[in-house]
Amino acid sequence: MTQPLIQTAAPLPLLRVRQLCKTFGGVNAVEGVSFDLQAGEMLALIGPNGAGKSTTFNLLNGQLKADSGDVLLETGTSLLGLKPRQIQRLGVGRTFQITRTFGSLTVLENVQTACLAQAQQQLQWGMRPLSQTQAAAQTLLEKVGLGALGHLLSQTLSYGDQKRLELAMVLAGNPRLLLMDEPTAGMALNERLALMSMAKQLAQERQMGVLFTEHNLEVVFGFADRVAVMAAGRLIALDSPTAVQANPQVQSLYLTPTIKTTTTALASAAAGASKPQARTCLEVHDLWAGYGPAQVIRGLSLTVLSGEVVALMGRNGAGKSTTLKALMGMLGPRHGTMTLLEQPIPANAPPHRLAQQGLGYVPEDRRIFTDLSVLENLQLAVSSVSLSGHARHTNTSRLVKSTPWDLERVFAVFPLLVPLQHRPAGLLSGGEQQILTVARTLMGNPQVLLLDEPSEGVAPQVVAQMAEVIQTLKSEGVGILLCEQNATFTALVADRSLWLDNGALHAQTAR
């Protein structure tokens, strides 16, 4: 006699998102988004800047309250209406586009603090993390490749290493579901691949679901099991990496054909462009700088000519971002000499004085005014120029003849900002914030520009726009010192590359 087949129910997905919606002032940031995430699966969420990816993350994590829809764990527990700490207790961890670590604690102490939080123990004022968490914290640091850096203050880490540290802190909570927002931002390609390989291994070993956003397409298509694509708040594709790459709608809205066309045109335009006579607009000699007693930059000397892009290259922790911060007067005391637009600059000159002298700075961590609108952020730069314009005109007019940047020009170059101009900057996606940071700096009409990872966190089409802006500034005689991990972007715009190692100049190459 044939035995009846016993059918077993398929396991529920680890995460179920159903018809999720969120509106900001009449703009549908997330509109009817639905998807599942299985245990052990890596799902990439990609799309143009402003597509709704970060808003979706903030809805899942409790940072924002959804207008409608539902978010369910495999247990049937709804996450809507819960606070972020309550969601974390349910086994949901999250990393952010801008890292959230304790700068005054060491790397090891940051992870120990996360271990204490998982054990529901509080860290009292003036108290150091308990010694019994040290072994567990050290194991997590080894897991993310920071095992030898536990003694350093976290504020001294490179941006990429801070991303690793934040991941170690999240893993201290033993999450079943991990939300990673731009996890490889600020990392070199080999570091990106190593981090995501580790995340994939963790997902398989722990049967942990991983949902991540990322603009680096090599990371997306190399590690995701499935890819979800958003545009204008809607989910337009959800399929295997191969199928998504072949999707005509995704190609037209997001993928590389547009980039290739734009960069080819850029290269041709750059080759035929006439440049004004080059003069030395930034000269640095024997620069020493760091964080407190920790010396990061050791005797660095460099020059940047008008109309030239000089790229600072090197591994994470080599001192690239620290160099830009020191030049902008954000670290002190700074030792060495600096000449800006043929004017000697005192070693203790504050950032606002340097900005008045014509030095612009785009930081890797953006530093926008989150409570102000996009328009107000831009108008602040206009006010700053009007207050200091006479002094700057006197010092810079004979070196650089650039077309002034105003709202009309900024909106023409970055049209993505036009419909966002009245939105609070804190409600923008990470990529939109990056665009705003660049635009705000340009509104100050800098004659020398320090750019720290300008293409990080933005969609491929916007990367091409960034390259166009740099080519335009070069043609107008603006000198640019650039830190960038995107090797293709750097090769397109840079005239020379300076290679740093351990805070000193190691090598120099020309295009």
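Heavy atoms only: backbone and side chains are in, while hydrogens, waters and symmetry mates are out. Computed from a prediction, not measured in an experiment: that's the story for all the values here.
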Set out, in order, the CA-CA distance, both residues' side-chain angles and the distance that settles salt bridge (Lys or Arg N to Asp or Glu O under 4.0 Å) for D406 and R409, then state yes or no.
CA-CA 5 Å; D406 54 20; R409 190 181 184 195; over 6 Å; no
Keeping [X] on the side-chain end and [Y] on the backbone end, is there a donor-acceptor pair under 3.5 Å?
| X | Y | answer |
| --- | --- | --- |
| D181 | T95 | no |
| Q38 | G209 | no |
| Q251 | P248 | no |
| N58 | S54 | yes |
| Q433 | I368 | no |
| E109 | G150 | no |

Are [X] and [Y] packed together at the side-chain level, in the sense that at least one heavy-atom pair is separated by less than 4.5 angstrom?
| X | Y | value |
| --- | --- | --- |
| L327 | T323 | yes |
| V374 | N377 | no |
| L20 | V71 | yes |
| M443 | L407 | yes |
| D161 | L149 | yes |
| L165 | S154 | yes |
| L15 | L43 | no |
| T75 | L12 | no |

Check K163 with E182, please: is the shortest side-chain N to carboxylate O separation under 4.0 Å?
no
Can you name the closest pair of heavy atoms from [X] and [Y] and give their distance?
| X | Y | answer |
| --- | --- | --- |
| V210 | M180 | CG1-SD, 3.7 Å |
| R206 | P175 | NH1-CD, 4.4 Å |
| L141 | A168 | CD2-CB, 4.4 Å |
| C483 | D452 | CB-OD1, 3.4 Å |
| A467 | F489 | N-CE1, 3.6 Å |
| L428 | L436 | CD1-CD2, 4.0 Å |

Inter-residue atom distance [X].[atom1] - [Y].[atom2], 0.5 Å rounding:
| X | Y | atom1 | atom2 | value |
| --- | --- | --- | --- | --- |
| L211 | R226 | CG | CZ | 10.0 Å |
| T113 | L105 | OG1 | CG | 5.0 Å |
| M169 | L171 | CE | CG | 11.0 Å |
| L449 | I470 | CG | CD1 | 7.5 Å |
| K83 | N61 | NZ | CG | 13.5 Å |
| T77 | I87 | OG1 | CD1 | 11.0 Å |

Could I get the full list of side chain to side chain donor-acceptor pair (under 3.5 Å) partners for Q162, not counting sequence neighbours?
T99
Sequence-distant partners of E205, side chain to side chain donor-acceptor pair (under 3.5 Å), two or more places apart
Q201
Among pairs that include at least one residue of [range], which meet salt bridge (Lys or Arg N to Asp or Glu O under 4.0 Å), considering only residues two or more places apart or in two chains?
| range | result |
| --- | --- |
| residues 424-440 | none |
| residues 42-65 | none |
| residues 11-28 | R18-D36, K22-D67 |

Going by side chain to side chain contact (heavy atoms under 4.5 Å, CB included), name the residues that satisfy it together with [X], two or more places apart in sequence or in a different chain.
| X | result |
| --- | --- |
| P350 | H352, R353 |
| Q19 | S34 |
| N216 | R192, E214, E218, V219 |
| S373 | L375, E376 |

Between F96 and R94, is there a cation-pi geometry (under 6.0 Å to ring centre, at most 45° from the normal)?
yes
K143 NZ: over 12 foreign heavy atoms closer than 6.0 Å
no
Name each donor-acceptor pair under 3.5 Å that joins a side chain in residues 229-242 to protein atoms two or more places apart or in another chain, with its distance.
| unit_1 | atom_1 | unit_2 | atom_2 | d |
| --- | --- | --- | --- | --- |
| R234 | NH2 | E31 | OE2 | 2.9 |
| S240 | OG | A243 | N | 3.2 |

Candidate pair L481 and L451, rule side-chain contact (heavy atoms from CB on, under 4.5 Å), full reasoning
CA-CA 6 Å; L481 187 59; L451 281 173; over 6 Å; no
Could you walk me through whether Y361 and T441 pass the side-chain contact (heavy atoms from CB on, under 4.5 Å) check?
CA-CA 7 Å; Y361 175 50; T441 304; 5.7 Å; no
Any ring-ring contact (aromatic ring centres under 6.0 Å, His included) pairs touching residues 21-60, not counting sequence neighbours?
none
All pairs passing ring-ring contact (aromatic ring centres under 6.0 Å, His included) where residues 206-227 contributes a residue, at least two apart
H215-Y254
Would you please say whether a donor-acceptor pair under 3.5 Å links the side chains of Q138 and E142?
yes
Test side-chain contact (heavy atoms from CB on, under 4.5 Å) on L324 and L312 and set out the steps.
CA-CA 10 Å; L324 299 193; L312 284 179; 4.2 Å; yes
Take D70 and S78 through the side chain to side chain donor-acceptor pair (under 3.5 Å) test and state the conclusion after the steps.
CA-CA 7 Å; D70 208 351; S78 175; 2.6 Å; yes
Could you check M208 against L14 for side-chain contact (heavy atoms from CB on, under 4.5 Å), going step by step and ending with a plain yes or no?
CA-CA 9 Å; M208 177 178 67; L14 180 65; 5.9 Å; no
